[in-house]
Number of protein chains: 2
Amino acid sequence: MARPREFDEGAALDAAMQRFWAAGYAATSVRELGQAMGLGQASVYNAFGDKRALFIQCLDRYLDANMRARITRLENSLPPRQAIETFLREIVERSLESRLGCLLANAALEVAPHDQDIADVVAERMEELEAFFRRCVIAGQSDGTISRAANAADTAQLLLTTVMGLRVLARGYPKQAVLEGAVRQALSVLGKPPRRRTPRAPS
Amino acid sequence: MARPREFDEGAALDAAMQRFWAAGYAATSVRELGQAMGLGQASVYNAFGDKRALFIQCLDRYLDANMRARITRLENSLPPRQAIETFLREIVERSLESRLGCLLANAALEVAPHDQDIADVVAERMEELEAFFRRCVIAGQSDGTISRAANAADTAQLLLTTVMGLRVLARGYPKQAVLEGAVRQALSVLGKPPRRRTPRAPS
DNA sequence: GTCATATTGGAGCGGACGCTATATAATATC
DNA sequence: GATATTATATAGCGTCCGCTCCAATATGAC
């Protein structure tokens, strides 16, 4: 009953996401976004609302495509301890490839303190990541691959904090030795990795 | 030989620093800065150069007055393990008081990737904080208050990462239980705190 | 006091900002 | 094919941006 869109909304959102990711919210203009998306400004506003609404859609898309997809993939394909280890190691890999860091961390610092809606999204997703770590720790303690000495909630909170810290370092102090050392030491709180197939929990 | 300044440069820098700290670099205009500093724009440019130069001066001032001063104070007044513990606990306290976070972390995410000079400052100061933690860990291992099981460099890197992560959470997910749990678990890598006055190192 | 120098307030530069109004083009329905 | 509806392109709205010019003002050196 009307003229159809000439562009792929998903691809356009991806392009906008990349700009916000690289340059931040305030430093990215709607004109730049439109250019990156291959759209005129009118189409941007027509399809996605204003700049803030577009940012929220980009943030959601980023989190679904990156964080949540990674959680699902690792949780379904690896035993819990390895899921944690792989999660952190993948972040180090990405951080050494580029200085983009993490759009969630960037948004948490730049936008969340001044925008309640975005703050809610950020908090919700951080909680989601924390919950993933907590599930993994508890499962690992059950199957004997993670020490029962450490409190699961505390460990999950440290892992969340470590991820966010790594993302800051990725943009501001991207030294391989630092990232890898931090991860190595963070993982040490899980206890020594099991050498046998079905090791006993220490206590 | 000329008309003197009518304002206190330090106080003006402090006022500008607060604005950058709270709102970020891009989202703070020179007009706002001048207003907060009690200066006309001409005086701002005359005394501090352009916006970017002013930001760098604010960042330096922030780091000297906060990070470096704290390092010096703790290192001179406390034994090494307590210096680490107090550093982290003070950050948690500050994070629960306000959502300001840390100007260094904010700058690392927002500005460093696009400005080499600022990136250099950021990296330099991160290295400084890392070195503080490393000194403390090594000293604590010498006096027996910190376990020798953990690698000192790795531990310092984890502590640096934890600090940066806490600063992200402060702005985006400021839950007391999360901050405290993360710190508790991060400190656990130092080994159990000594109960006796002069405990032995474990090995 | 005179002069040279530096600071200050205010006006304003050119340009980019977020966003919108309007007019045209393209489609599904009937 | 006429109509209703949406998408696109262009132009432009008012505002704020970083920054500068300029006249007025206030000091130290002589």
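To find a chain, count down the sequence lines: A is the first, B the second, and so on, and within it residues start at 1. As the structure is a prediction and not an experimental result, all values here were calculated from the model.
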Student: If I take atom CD in residue A/Glu32 and atom P in nucleotide C/dC17, what distance separates them, rounded to the nearest angstrom?
Tutor: 6 Å
Student: If you check every side-chain atom of A/Ala42, which of D/dT27, D/dA9, C/dT20 has the closest atom?
Tutor: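 Taking heavy atoms from C-beta onward, the closest nucleotide is D/dA9.
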Student: How many whole angstroms separate atom CZ of B/Arg31 from atom P of C/dG10?
Tutor: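 It works out to 14 Å between those atoms.
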Student: Could you report the tightest heavy-atom contact between B/Gly172 and B/Pro174, atom names first, then the distance?
Tutor: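 Nearest heavy atoms, B/Gly172 then B/Pro174: C-CD, 3.7 Å.
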Student: When you measure from the side-chain N and O atoms of B/Ser29 to the phosphate of D/dC16, is any distance below 4.0 Å, counting only OP1 and OP2?
Tutor: no
Student: I need the CZ-C1' distance between A/Phe7 and C/dT27, as an integer number of Å.
Tutor: 16 Å
Student: B/Tyr45 side chain: which of D/dT20, C/dT20, D/dC17 is closest?
Tutor: D/dT20
Student: Whole-Å distance between C/dA16 P and A/Leu33 CG?
Tutor: 16 Å
Student: Taking only N and O in the side chain of B/Ser43, is any of them less than 4.0 Å away from OP1 or OP2 of C/dT8?
Tutor: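 Result: yes.
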Student: If I compare all heavy atoms of A/Ala16 with all of A/Cys58, which pair ends up nearest, and what's the gap?
Tutor: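 That closest heavy-atom pairing would be CB-SG, 3.6 Å.
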Student: Give a yes or no on whether B/Gln35 atom CD has more than 12 heavy-atom contacts from other residues, nucleotides or ligands under 6.0 Å away.
Tutor: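 Not buried by this count: 12 neighbours or fewer within 6.0 Å.
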Student: Between A/Gln157 and A/Phe133, is a side chain to side chain contact (heavy atoms under 4.5 Å, CB included) present by the stated rule, with each step listed?
Tutor: CA-CA 8 Å; A/Gln157 285 152 1; A/Phe133 283 131; over 6 Å; no
Student: Whole angstroms only, please: what is the CZ-P distance between A/Arg5 and D/dA7?
Tutor: 5 Å
Student: Check the distance between D/dT20's P and B/Lys51's NZ and give it to me in whole angstrom.
Tutor: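 So the two atoms are 14 Å apart, to the nearest Å.
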Student: Could you say whether B/Gln41 or B/Gly38 is positioned toward the 5' end of DNA chain C, judged by the nucleotide with the nearest heavy atom to each?
Tutor: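 Nearest-nucleotide comparison on DNA chain C picks B/Gly38.
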Student: DNA chain D: B/Val30 or B/Pro4, which has the more 5' nearest nucleotide?
Tutor: B/Val30
Student: Let me know the distance between OH of B/Tyr25 and C1' of D/dC17, rounded to the nearest Å.
Tutor: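 Roughly 12 Å, once rounded to whole Å.
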Student: For the pair made of CE in A/Met37 and C1' in D/dT8, what is the distance, rounded to whole Å?
Tutor: 14 Å
Student: Can the ring centroids of B/Phe20 and B/Tyr62 be said to lie less than 6.0 angstrom from one another?
Tutor: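 Centroid separation for B/Phe20 and B/Tyr62: 6.0 Å or greater.
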Student: Side chain of A/Asn46, heavy atoms from C-beta onward: which of C/dT7, D/dT27, D/dA7 has the nearest atom to it?
Tutor: D/dA7
Student: With a 3.5 Å cut-off and heavy atoms only, can you find an N or O donor on one side and an acceptor on the other between the side chain of B/Arg3 and the base of D/dT25?
Tutor: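 Per atom types, the contact qualifies.
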